[in-house]
There are 2 protein chains.
Amino acid sequence: MVVRLSDVAARAGVSVKTVSNVANGYLHVKPETRERVQAAIDDLNYRPNLSARSLRQGRSGVIALAVPALDMPYFAELTRAVVEAAAERGWTVLVDQTDGLRERELEVASGLRGHLIDGLILSPVGLEVDELERSKEDTPLVLLGEKIAGGPVDHVAVDNVEAARLATDHLLGLGRKRVAAIGYQARADAASGVAPLRRRGYERSLAAAGITVDAELTPQVAGYRRVDGAHAMETLLALPEPPDAVFCFSDLLALGALRVLAERGLRVPEDVALIGFDDIEDGRYSTPSLSTVAPAKDEIARHAVDMLHDRIAGRDAVPARDVRVGFEIVPRESTLGRGQTGPSGP
Amino acid sequence: MVVRLSDVAARAGVSVKTVSNVANGYLHVKPETRERVQAAIDDLNYRPNLSARSLRQGRSGVIALAVPALDMPYFAELTRAVVEAAAERGWTVLVDQTDGLRERELEVASGLRGHLIDGLILSPVGLEVDELERSKEDTPLVLLGEKIAGGPVDHVAVDNVEAARLATDHLLGLGRKRVAAIGYQARADAASGVAPLRRRGYERSLAAAGITVDAELTPQVAGYRRVDGAHAMETLLALPEPPDAVFCFSDLLALGALRVLAERGLRVPEDVALIGFDDIEDGRYSTPSLSTVAPAKDEIARHAVDMLHDRIAGRDAVPARDVRVGFEIVPRESTLGRGQTGPSGP
DNA sequence: CTGAAAGCGCTTACAG
DNA sequence: CTGAAAGCGCTTACAG
């Protein structure tokens, strides 16, 4: 049996307007009246129909978050942070998985959810900026990452070039001479995703140290998962002169690489030092624990939600903003060795 | 500018009914008419307003999935599977995180989303069956896991007792004598979550081998994350006579334990054999790779979505169903040792 | 402070 | 096969 606002009004002996005022926490309702209405709401177990409210108000209180894959820890952790930040605003989050596919990202960006959502936070991988402009929806949109930066849309990211540069510096600072990078992608020149930026930081660091990039030390990967890191590491170890350090463009890549090094009986960091990117929890508990670049995920989430809130509130006049959040180089055992670090853990 | 059905109708020179028919893929529309309507839809970039549709039809096409934590890989992987299974039915999934808190689970179960969702898949941790019955909502509900089984609600789970028994058998089969269990919880007697079931399986296996349970070998944990496994392992290693094998009630617990064993310089599996539960991707790439119990996550997701679909379709007459999905013991290096297993990987 | 009424954008009987 | 109209359950000007 469905309970309507008017049922509550009838029971409480007031108008629907008054019930609506109480349900929405408005002022100008006598405490006595408010109490009577609340009692009726409780008695009847009334729940407002959000579709009706949304239809009337033009806002649903639901935002969508579209990430490549929920089962990649970085995105799982980011999703958690976004859901929490959204909850603080009373928003509900609807999660979409794009698998990094251009068409799915485009679908999502072009209003897949038809007015069901008030706004969208999208972490694009395959989408190009011109496609985004062509599909220009009126749904407020915030982009994550640097796939499409400086474009016509709000976006928040870490400074990937600088973070990658410092990560590589960290390896060079250990005295390593052959520093490889795992994460180069075939489509790198097409400015896809973070790869070209982290690549630039890596190369910049080497250049500053007077080292020329050795193409052999930058194998191509198909993706950023453990399996890709494992394959790339195998390639590197097959070289006549393997690297003595590796900067992996994601922690998952690094964990895959770590696994292969262990299989080969190589010591980390003594034989090969390793640093990743993302600071996922897995890396804190691996053996050895994984040095990494830690982006401020909570800040990313908070900024994304705040910016979306501003857009939804109608600050359309404001030009698109590019927000940078902080990051930190977190040295752990995979570069410093055992005993150099404190107890692991979150 | 918002485009309405009537705008499309006007442009195409037909009635709204016809546009509605086309938009919903109904029959009985002349191909020629359909084409003209479709052209108008494309021209105007029309998107149906889902709130209006939902208000009218009483169904939104959105279901909610409530899990304890998205950043726990098991739930992240399960969420992915549910989103995919739901997509096959044209459903969108709204994700809630409960943190395993009773009150949040209750909120969610008692229609938090007020008619926004057509149904709910809930993985309860703290919620008790009587609370669930009291709050008896009309929103179709399917429960995951065995926290509340055999109750008044559809639910799908693996046979945790049997799975735990076989996992323990696997350790005993290696000739281990002091087999510990990490995952006992203080509230175990209160029948909370999977702990008591896996505990029963563990004890049943020992009993069959003529071994009495040693309370020292079953330390309490506060949660099922890596940090909890690390703490419990430390407790076990501090014993005068530490275990030579450990059954961990989750892979995360096992990964935490593995980390501590490595820190202490103990060999796995030579000194201590280890098996987990969940088959998360992390365990396939750890060193050593982690033996585990692999529940059929895709089956769980598919059954949950199918059962929810049946309830939404109004098969209320059908009594609550308890569905069991399969599982598999997956031996890897943490019990079999190096070289005993094939190449790791997904 | 409260009541009666319009309207958000759909879908769907009901006529034709 | 198509058109005109009612109504889903809210919120919100508009009167009082």
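Proteins get letters first, then strands, A, B, ... in listed order; numbering begins at 1 in each. Just so it is clear, the structure is predicted and the values come from calculations on it, not from any experiment.
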Taken in chain and number order and not counting sequence neighbours, the residues that satisfy side-chain contact (heavy atoms from CB on, under 4.5 Å) with B:Asp43 are B:Arg11
5'-most contact on DNA chain D (nearest-nucleotide basis), A:Arg53 vs B:Val14, goes to B:Val14
Side-chain atoms of B:Leu5 come closest, of D:dT11, C:dC10, C:dT2, to C:dC10
A:Asn21 atom CG is separated from D:dC10 atom P, nearest whole Å, by 14 Å
Does A:Thr33 make a side-chain N or O approach to OP1 or OP2 of C:dT2 shorter than 4.0 Å?
yes
For B:Ala81, the side-chain contact (heavy atoms from CB on, under 4.5 Å) test, sequence neighbours excluded, returns B:Asp298, B:Ala301
Sequence neighbours excluded, the answer for salt bridge (Lys or Arg N to Asp or Glu O under 4.0 Å) partners of B:Arg89 is B:Asp306
Taken in chain and number order and not counting sequence neighbours, the residues that satisfy salt bridge (Lys or Arg N to Asp or Glu O under 4.0 Å) with A:Asp278 are none
Suppose you measure atom C1' in C:dT12 against the same atom in C:dG16; what distance do you get, rounded to whole Å? 16 Å
Test your reading of the model: is there a side-chain donor-acceptor pair from B:Glu105 to the backbone of B:Thr98, 3.5 Å cut-off?
no
Rounded to whole Å, the CG-P distance (B:Asn49 to D:dG7) equals 21 Å
Winner on side-chain proximity to B:Ala52, out of D:dT2, C:dC10, C:dG3, is C:dC10
From CG of B:Asp7 across to C1' of C:dG9 the rounded distance in Å is 11 Å
Winner on side-chain proximity to A:Arg4, out of C:dG9, D:dG3, D:dC10, is D:dC10
Picking from D:dA5, D:dG9, D:dT12, the nucleotide nearest the side-chain atoms of B:Val16 would be D:dA5
note: A:Arg47, atom CZ; D:dG9, atom P; distance rounded to Å ~ 17 Å
Numerically ordered, the residues 54-61 of chain A set in heavy-atom contact under 4.0 Å with DNA chain C is A:Leu55, A:Arg56
Taken to the nearest whole Å, NZ/A:Lys17 to C1'/C:dG3 is 10 Å
CG of A:Leu106 to CZ of A:Arg102, rounded to nearest 0.5 Å, is 7.0 Å
Residues passing the side-chain contact (heavy atoms from CB on, under 4.5 Å) test with B:Gln97, sequence neighbours excluded, are A:Arg80, A:Val83, B:Leu70
Quick note, side-chain hydrogen bond (donor to acceptor under 3.5 Å, both in side chains) partners involving residues 54-65 of chain A, not counting sequence neighbours, are A:Ser54-B:Ser51, A:Ser60-A:Asp118
**Item:** D:dG3 OP1/OP2 closer than 4.0 Å to side-chain N/O of B:Ser15
**Value:** yes
Separation of D:dC1 atom C1' from B:Glu32 atom CD, nearest Å, is 13 Å
Rounded to whole Å, the CZ-C1' distance (A:Arg36 to C:dT2) equals 12 Å
Rounded to whole Å, the CG-C1' distance (B:Leu50 to C:dG9) equals 11 Å
Base-pair string, DNA chain C, Watson-Crick plus G-U, cut-off 3.5 Å on both distances, | for inter-strand, is |||.||||||||.|||
For A:Lys297, the salt bridge (Lys or Arg N to Asp or Glu O under 4.0 Å) test, sequence neighbours excluded, returns A:Glu77
For D:dT11, take OP1 and OP2 only and decide whether either is under 4.0 Å from a side-chain N or O of A:Ser20.
-> yes
Examine distances only and state if a side-chain atom of B:His309 and a backbone atom of B:Val305 form a donor-acceptor pair shorter than 3.5 Å. no
